[in-house]
Amino acid sequence: LCRGGLAERLCRLQNRERSAISFWRHQCISDAKTASDKSGVLIVKILEMFEECTIQVAICQQLEQSPAMLSSEDVVINAGEPILKVLFARETAAHLKSRPQDVIHIYPPWQKLLLRNADVPVIMHTYFSQKVLLSEHSETREKTYGLTKMLIRKNITSLAQTFSLDDLDDELLQESSDNQVACAPQIHNNCDSKQHPLARSAVNDSLLEMVESQGAVGWREAQVRVIIQRVYCLPAREGYRSHVQGNKPLSAIPIINSDPPNVRLCLLVQDAYGMFSEVQLQSLTFTDDIEQYCRRWEGKFCCLAGMKILQRTTRGRALGLFSLIDSLWPPVVPVKVAGQSQASEMMTTNLPPPSFCYILTAQSGEIHVEVDEEEQISNLYQPPAVHGLKEILQINGCNERCSFWAQVLYLRLQTKHSVPINQREILLFVTDSTLQNVVHMIPKVVAVSVAASCVLSTEITEALSVASRLIFFKDVLWGNGRIICVERTVLLLQKPLLYSAAGADLSELTGPVRLDELDSTTQANSVCAVKGTVVGVNESTAFSWPTCDRCGNGKLELCPQDRGLLYCNQCSEVVISPVLKMQLEVFLSCPSRSQSTVKVKVWHEISFGILSIVRLDIYEVQSVLGKVFLLLNCYVHSVTSFFYCVALEEIVLL
Amino acid sequence: MDSTLPAVAEELLKEIKKAFQETSHGTNTFSFRLKFIFGPSAVPALDLVDQRSVTRVVSPSGRTAYQVLGSSGKLYTCYSSCHFCTCPAFGFTVLQKSESLLCKHILAVYISQAMGACQELTVSEEQLTSILLAEEEDEG
C-alpha cells in the first residue's frame, strides 16, 4: 500500500474500528442491559428484510422508546411512525441473526444518508448494534425460529445501472469556478502539474502584496511565485481531530489515538523581493519522504495560492527560524526593491537582513502549492554550504546554521526516565577527515546533540543504530562550542544534489578512526581512548547474566513449566545453551592522566580476554592486576574534579 | 422492493466528488462509508487510486473506456456505459455470486473520477475499438 495514501489510512482506521467493535460487544455482554437512556441510540423494529450483495437491508420502523416495558404482542405498527432503511454489514448481520419483528438498538456512531429521489432515509455504519430480547415469549420464540432456516430474498441489481457523479446543480457551479487551481503536491506523479491549467489571473511575485491583500476581492485566485530555499519537517502541535460527524462520538469506548500524523512538511520560500516565508503543508505520516522532497523541490520555483496567515513572527520570537534565514542572507542575486518600477532591479549590497517573517498555511485543508519540478533551479537558490568539522569548530559566531558531512561513530541516548523515549535527546559522536588528520588542539571526535525538536526519518534512525554511516547534517546550529540539531535541521543519508563546498576537505576517511586519548582536558559526556594498567578491581560490581543464544535477549525468565530452564520470550522458546555476559569495573592507572583514578566498566568479551577472566565466580583478583589495556574506547560518564575520579564505560564504535 | 444499494453507492460517490472539489482531499468519513458499502473492495480500490492506476481512454468520436492497471501488472478494461470489467474477480464476485456491486477496478474508476485522479489518454477510433474488443490472451 502506498504510504500516506488513502488506502493505508483506511486500513488503519478499519483496524481501530474492528477492535473498538469487539471491545464494545464484550462490554455489552458484561454490562447490564439498561433501557435506552443513553442518548444517540436509534431504536428500530424490523418489518422486512432482504439482502443486496452482502449488505442486509432492513426496512424498519423507528420506535420512540424502548419496548422492553411492553410485551411483544402489544407493540403495534403505528402508521405514523417513521420508516427507515437500515443497512447492516455482513458481519453485523451474522452477529445479530435478526428476523422481522425484532427490535434492534443501534448505538452511535451510526450515520444517516438522505437520498435525493427517495424519502426514506438510509442508516449506515451500524456496526454497534444490539438485538433487544423482549420479555417472556422471547426464549421459546428464539428456539422455534432457530430450527427453521430463514430465507432472505436477494435483490440483484442490474449492471446497466451505472452511477452518475454529476449533478445538474453542480454543472452550473462549475462554470463560475473555472480558474480555481487545486493541486496537492504528490511525490508520485510527475506531469499532473501540466494537466491542471494554471489560473488565468496574473502571477504575482511579492509575498508581502499577497499577504496585505488578504480578504480583498480575487485574492484567493491570485498566485505568488516563489522559490523553495529549504524543505524540512516540523513537529506539529495540533492534536488528533475526531472525524465523527453528526452523531455523538463513542463515549464508552476510548478511541485509540495512536499514531496521529505528528510532523508537518514545511517549506522556507523566498520571493523576488528577497522576502522569506515559512509555508506549513500537510502532515506527513511517514518521514521517509523528506529526503525525496528535498531533492526534488529545493531550489525550484513554486506557486502559492489562497494561503492563510498563521502568524507574523519576528526575530526575537523565532530564533530558530531566523538563524536559518540569516544563513541565507544576503541573497546571491539582486532582488527587487519595493517601490521601484517592475522593470528595473536594484542591487542588494546594503539590504538589512529581514526582521519579520510570515508563517503561512494552506486554507482549511486545501493545499494550493504547485511546485514546478521540471524547471531549472533558480539563481536565487542558496544550496547548503558544506564545511569540514574543523572549520565549524572555529566559527566565532553564535546560533549559526552550518552543514557538514560526517561519519557517525557512536550513539548515546539520554537516560532521563521522566522523558518519553521519542522526546529524548540523542548524542551522536561524529568525525571527518578534517578532524582525524589533525594533530594539535582540535578534538578528533566531536559530539552532536540531536534535540527532540529535530525530526529524524525512520531511515535515519535505523541507519544510525546499525553501522557506521556517513550522514549529511544540513543546517545544524552551532553556538557556544556545541553543535546541535534542532527543528529545521535535516539529516540525510545522501549528499544533496547541490551544495557549495568552498575549500572544504570532503575527502573520505582512510584508515581506522582514532579517538582522543584520555587526558586532563577530557570532559564528561564525551568519548575517548584509554591506555592503562589494571591496578584494582571493584569486586562488588562483578555481574554476570545469561542471554539468549539466538537473539541476544538479556532478560531471560524462568520457564513456567520447568523452573530449572530458562525461557526467552522474544523467541518464545526455551534457551538450552545461554550465552553468559559479564560486566566488571576495574581501576586503571593511565599515564596520560596520572593524577586521577580511572574507573572503567568493562563488558566486552575481548576485554575479558585481556583480563584473562573466563567466569566472574572463579577468577582471581591477583591474576587480573597488572594486565594492560593498550587501546580501550570509552564513553566518559563523569569527571569529578574533587576526587580526581573519572568514570568510564567501555564502548564499541559503530 | 427496488434496489437500495446502487442509490446509496451513487450518493456516496457524489458526496466524495463534492467533498473533493471543496477541500481537494477527502476526509476519513467518506472512506468509512466506502468500506461499509463496498466491503473488501474499498481498500484495494483506494490503493489503485493512490497509485494513479486509472486511465480514461477517449476517442475523437467521444467514446470512452477506462483502463486500470491492476496490482498484478495486468491492464483491465472497464466499460463506461455499464458496469463491466475484464478482471476475473468481476466475473466471479459480481456476475456469478452477486456478492458485490462492483469489483475494485470499477470502484477505483469511480473514485478516481470523483477525485479528478484519472489519467487521460486520447486514442484513435481503431485503437479504442481494439481495446473494447480485446481478445483474451492465452498465457502459455
Side-chain angles (χ1 to χ4, degrees), chain A residues 1-2 5-11 13-14 17 48 50 52-55 57 59 85 87 89-90 111 113-118 122 124-127 153-167 170 177 182-184 186 188-189 192 195 243-245 282 364-368, chain B residues 1-18 20-29 31-39 42-52 79-84 93-95 98-101 110-111 113-117 119-120:
Chain A
L1 292 181
C2 277
L6 296 164
E8 194 225 24
R9 264 190 267 160
L10 177 56
C11 232
L13 289 169
Q14 203 177 306
E17 179 109 305
E48 203 186 334
F50 44 90
E52 275 183 39
C53 297
T54 51
I55 305 268
V57 181
I59 312 288
K85 260 189 205 174
L87 306 182
R90 188 211 293 230
Q111 293 182 7
L113 187 67
L114 290 164
L115 298 176
R116 280 152 212 249
N117 298 324
V122 174
M124 309 197 307
H125 208 269
T126 49
Y127 296 117
R153 187 181 77 216
K154 211 168 164 171
N155 265 352
I156 308 287
T157 39
S158 162
L159 292 173
Q161 192 176 355
T162 50
F163 306 147
S164 156
L165 298 186
D166 293 327
D167 262 353
D170 283 356
S177 53
C183 177
Q186 289 248 356
H188 302 291
N189 63 59
D192 257 16
Q195 288 180 345
H243 287 275
V244 178
Q245 287 179 0
Q282 75 265 32
S364 62
E366 293 172 74
I367 298 176
H368 282 179
Chain B
M1 206 18 116
D2 285 331
S3 296
T4 314
L5 226 46
V8 174
E10 188 181 66
E11 184 64 24
L12 189 52
L13 291 163
K14 278 194 173 118
E15 278 194 5
I16 293 172
K17 181 174 179 189
K18 209 185 326 178
F20 197 73
Q21 275 173 346
E22 277 163 15
T23 66
S24 136
H25 61 245
T27 61
N28 286 331
T29 317
S31 39
F32 267 141
R33 293 182 171 196
L34 277 181
K35 176 73 193 134
F36 184 81
I37 297 294
F38 295 107
V43 171
L46 285 175
D47 189 36
L48 290 171
V49 175
D50 284 338
Q51 294 182 46
R52 291 286 201 265
Y79 289 7
S80 47
S81 52
C82 66
H83 285 163
F84 181 82
T93 319
V94 180
L95 290 180
S98 289
E99 266 182 7
S100 184
L101 280 180
Y110 274 118
I111 300 174
Q113 273 184 288
M115 290 174 55
Q119 315 260 26
E120 297 268 338

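Numbers restart at 1 for each chain; the letters A, B, ... are given by sequence-line order, proteins then strands.
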Between S100(B) and chain A, with a heavy-atom cut-off of 4.5 Å, which part of the residue counts as in contact: side chain, backbone, both or neither?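 Backbone only.
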
Heavy-atom cut-off 4.5 Å, strictly under: side chain, backbone, both or neither for T93(B) against chain A?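 For T93(B), no heavy atom lies under 4.5 Å from chain A.
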
In chain order, what residues pass the side chain to side chain contact (heavy atoms under 4.5 Å, CB included) check against L159(A), with sequence neighbours excluded?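 By the side chain to side chain contact (heavy atoms under 4.5 Å, CB included) rule, L159(A) matches H83(B), F90(B), V94(B), L95(B).
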
List the residues meeting side chain to side chain contact (heavy atoms under 4.5 Å, CB included) with L12(B), not counting sequence neighbours, and say none if there are none.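 Partners of L12(B) under the side chain to side chain contact (heavy atoms under 4.5 Å, CB included) test: R33(B), L34(B), I37(B).
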
When rounded to the nearest 0.5 angstrom, what distance separates NZ in K85(A) from CG in L5(B)?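 Output value for this atom pair is 10.0 Å.
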
About how many Å separate CD of E17(A) and NE2 of H125(A), when rounded to the nearest 0.5 Å?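 Nearest 0.5 Å value for the NE2-CD distance: 4.0 Å.
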
Measure distances from L113(A) to the heavy atoms of chain B and classify the residue's part below 4.5 Å as side chain, backbone, both or neither.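 For L113(A), side-chain heavy atoms alone lie under 4.5 Å from chain B.
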
